[in-house]
Amino acid sequence: MAKFDLLSVALGLAALAGINLYLTVFATGLAIHFHWITLSPQYQSLEILGNPVIITIAGILYVLEFFADKIPWIDSAWDAVHTVIRPIGGALLAIQVLGQPSPAFNIMVALVAGGTSLVTHTAKSATRLTSNASPEPFSNIALSFAEDVAVVGGLALIYHHPVIALSIFAMAIGAFLYFAPKVLRAMKAKIWLAFKKLNGPASSRSFDRLEKSLPSRLANVFNQQNLLGETIAWAAPCISGRGRRIPPNLFGALVATNEEPRKLRFVARKNGRPFAQTIELDNSMVSHEPKFLSENLIIYPAADKGPRYLFLFSRPQAAIVQQIVEDLRERLSQREPMSVEKRLEPVESAYL
């Protein structure tokens, strides 16, 4: 049981290091140095963290992180730099907890602890990227304080109930891994939109034209679904937002055809597999909504009820989105083609 407690402390510290390495070392070092906690014999290897030099260095780095963590996009840059530092720090902390049982065991623990730190670091980074999509800084400040409280609370739980702490960390990491594909897609989308915003002017006056062809990786997806041989009126690469039966953060394209003016198709690849969804435009309205990172195309019902769709374009594609809106409004203003059944109704009634 003592060995299991020891392993729980090692992995618990690694998990917290992935959130905030410097606060983990700083708070633990202060508690040891000022005897706020009494180390059990099996944890004597952690006494080195109470060294004034280590406390000072960790404290200075924590102060830097304290301020960097609360500034939008600076926090994401800081996280990017620490993608390597935090896992290494978590692995070293875990090895320090265990002392020197054997070189082979140290390597195994370092790999597991480093992976644990990397998972919690990735979860934090993804959360920050999502919050940075909003221009206001309050969400970043609130998240930063919440992370600091979680680290300090986690350290207290590790000291008093290491097994319970490890169980909570394991459940949290398991939940993150379950949602990892969605989280990573969201991170990829936010990074791509931020890159496009920084590398291209957001101007609706810039001349852009709608393409009439799809990239090869999406053309195959469209052709598989195009059983009637419809011709493409225009195709616009974009990222899916919220929408009925369309997962968010898929890199794909909206496709309009000449034969079906009141329908759109969204084609993409999800986890390498083809994905296609038809969007009915009947009784719908469209609008263009500029946001901090993206130009949004919104398709919503004219009445209160009905499916809503959101598609994200990069800021330099403002003119493209406006063209799409104008084209869709023109399509919706056209008289709906009469079905065969409706054309036959007068004939049937005449015979009656």
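Note that the structure is predicted; figures quoted are calculated from it, not measured.
- Criterion: ILVMFWY side-chain heavy atoms under 4.5 Å apart, direct or through other members. Under it, Ile37 and Ile158 are part of a common hydrophobic cluster.
- Pairing each heavy atom of Tyr300 with each of Ser287, the nearest pair is CE2-OG, 3.7 Å.
- Salt bridge status for Glu280 with Arg262: absent, with no side-chain N to carboxylate O gap under 4.0 Å.
- In the model, Tyr62 has no side-chain atom that pairs as donor or acceptor with a side-chain atom of Asp69 under 3.5 Å.
- Leu264 places none of its side-chain heavy atoms less than 4.5 Å from the side chain of Val255.
- Judged by distance alone, the side chains of Ser314 and Glu295 never bring a donor and an acceptor atom under 3.5 Å apart.
- At a threshold of 4.0 Å, the pair Glu289-Lys291 counts as salt-bridged, since one of the basic side-chain nitrogens sits closer than that to a carboxylate oxygen.
- Taking the ring axis of Phe195 as reference, the NZ or CZ atom of Lys197 does not stay both within 45° of it and closer than 6.0 Å to the ring centre.
- A 6.0 Å sphere centred on CG of Asn283 holds no more than 12 heavy atoms belonging to other residues, nucleotides or ligands.
- When ring centroids are compared, Phe313 and His288 stay outside the 6.0 Å threshold.
- Inter-residue side-chain proximity for Tyr22 and Val63 is flagged as unmet; no heavy-atom pair is nearer than 4.5 Å.
- Taking a 6.0 Å sphere around CZ of Arg242, one finds it holds 12 or fewer heavy atoms contributed by other residues, nucleotides or ligands.
- With respect to Arg86, the side-chain hydrogen bond (donor to acceptor under 3.5 Å, both in side chains) criterion is satisfied by exactly one of Thr24, Asp79, Thr120, Thr122: Asp79.
- Remark: Trp78 CH2 to Ser125 OG distance equals 13.0 Å, nearest 0.5 Å.
- Residues Val119 and Phe179 share a single hydrophobic cluster, defined by chaining ILVMFWY side chains whose heavy atoms lie under 4.5 Å apart.
- Atom NE2 of His121 and atom CG of Asn20 lie 12.0 Å apart (nearest 0.5 Å).
- Checked by atom type and distance alone, the side chain of Ser45 pairs as donor or acceptor with a backbone atom of Val97 at under 3.5 Å.
- In terms of hydrophobic clustering, with Ile, Leu, Val, Met, Phe, Trp and Tyr side chains grouped at heavy-atom distances under 4.5 Å, Ile54 and Leu46 are assigned to a common cluster.
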> What do the steps show when you test Ser240 against Tyr309 for side chain to side chain contact (heavy atoms under 4.5 Å, CB included), and what is the final call?
Replying inline: CA-CA 8 Å; Ser240 61; Tyr309 299 93; over 6 Å; no
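- For Gln224, the CD atom sits in a packed shell: over 12 heavy atoms of surrounding residues, nucleotides or ligands are nearer than 6.0 Å.
- Side-chain atoms of Asn223 come within 3.5 Å of backbone atoms of Ala219 as a donor-acceptor pair (strictly under, hydrogens ignored).
- In terms of heavy atoms, Asn220 sits closest to Arg269 at CB-NH2, 4.2 Å.
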> So Glu259 and Thr231, side chain to side chain contact (heavy atoms under 4.5 Å, CB included) or not? Walk me through it.
Replying inline: CA-CA 7 Å; Glu259 291 76 11; Thr231 57; 3.1 Å; yes
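- Formation of a donor-acceptor pair under 3.5 Å by the Arg244 side chain with backbone atoms of Arg308 is not found in this model.
- When every heavy atom of Leu129 is checked against every heavy atom of Ser76, the shortest pair comes out as CD2-OG, 3.8 Å.
- The shortest side-chain heavy-atom distance between Ile246 and Phe311 falls under the 4.5 Å cut-off.
- Taking OG of Ser117 as the start and CG of Leu92 as the end, the distance is 9.5 Å to the nearest 0.5 Å.
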>> With side chain to side chain contact (heavy atoms under 4.5 Å, CB included) as the criterion, how do Leu49 and Leu93 come out once you've worked through the C-alpha distance, each side chain's angles and the decisive distance to 0.1 Å?
In response: CA-CA 10 Å; Leu49 298 181; Leu93 277 176; 4.0 Å; yes
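- Scanning both residues, Leu16 and Val151, for their nearest heavy atoms gives CD1-O, 3.7 Å.
- Separating the NE2 atom in His82 from the CG atom in Leu21 is a distance of 7.0 Å, to the nearest 0.5 Å.
- The shortest non-hydrogen separation linking Leu214 to Ala253 is CD2-CB, 3.6 Å.
- From Lys263, atom NZ reaches atom CD1 of Ile279 across 12.0 Å, with rounding to the nearest 0.5 Å.
- Side-chain contact between Phe222 and Ile232 is present, with at least one heavy-atom pair separated by less than 4.5 Å.
- Put simply, the side chain of Leu281 reaches to within 4.5 Å of the side chain of Leu332, judged on heavy atoms.
- Follow the hydrophobic side-chain contacts under 4.5 Å out from Val149 and you never reach Leu155; the two are in separate clusters.
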>> If you apply the rule side chain to side chain contact (heavy atoms under 4.5 Å, CB included), what do you find for Arg185 with Asn271, and how did you get there?
In response: CA-CA 10 Å; Arg185 283 203 304 267; Asn271 300 325; 4.1 Å; yes
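- No salt bridge links Glu147 with Lys70; every basic N to acidic carboxylate O contact stays at or beyond 4.0 Å.
- Defined by atom type and a distance below 3.5 Å, a donor-acceptor pair is missing between the side-chain atoms of Glu211 and Trp234.
- Separation of atoms SG (Cys238) and CD (Gln317) is listed at 8.5 Å; rounding is to 0.5 Å.
- Counting all heavy atoms, side chain and backbone alike, Ala113 lies closest to Ala91 at CB-CA, 4.0 Å.
- Counting heavy atoms from C-beta outward, Glu230 and Arg265 have side chains that approach closer than 4.5 Å.
- Both Leu23 and Val9 belong to a common hydrophobic cluster when Ile, Leu, Val, Met, Phe, Trp and Tyr are linked at side-chain heavy-atom distances under 4.5 angstrom.
- Under a 3.5 Å cut-off, the side chain of Asp75 and the backbone N or O of Trp73 do form a donor-acceptor pair.
- Between Leu143 and Thr127 the shortest side-chain heavy-atom distance falls below 4.5 Å.
- Under a 3.5 Å cut-off, the side chain of Thr28 and the backbone N or O of Val25 do not form any donor-acceptor pair.
- No donor-acceptor distance shorter than 3.5 angstrom exists from the side chain of Arg128 to the backbone of Pro72, with no hydrogens or angles considered.
- The side-chain heavy atoms of Met285 and Pro301, taken from C-beta on, include no pair separated by under 4.5 Å.
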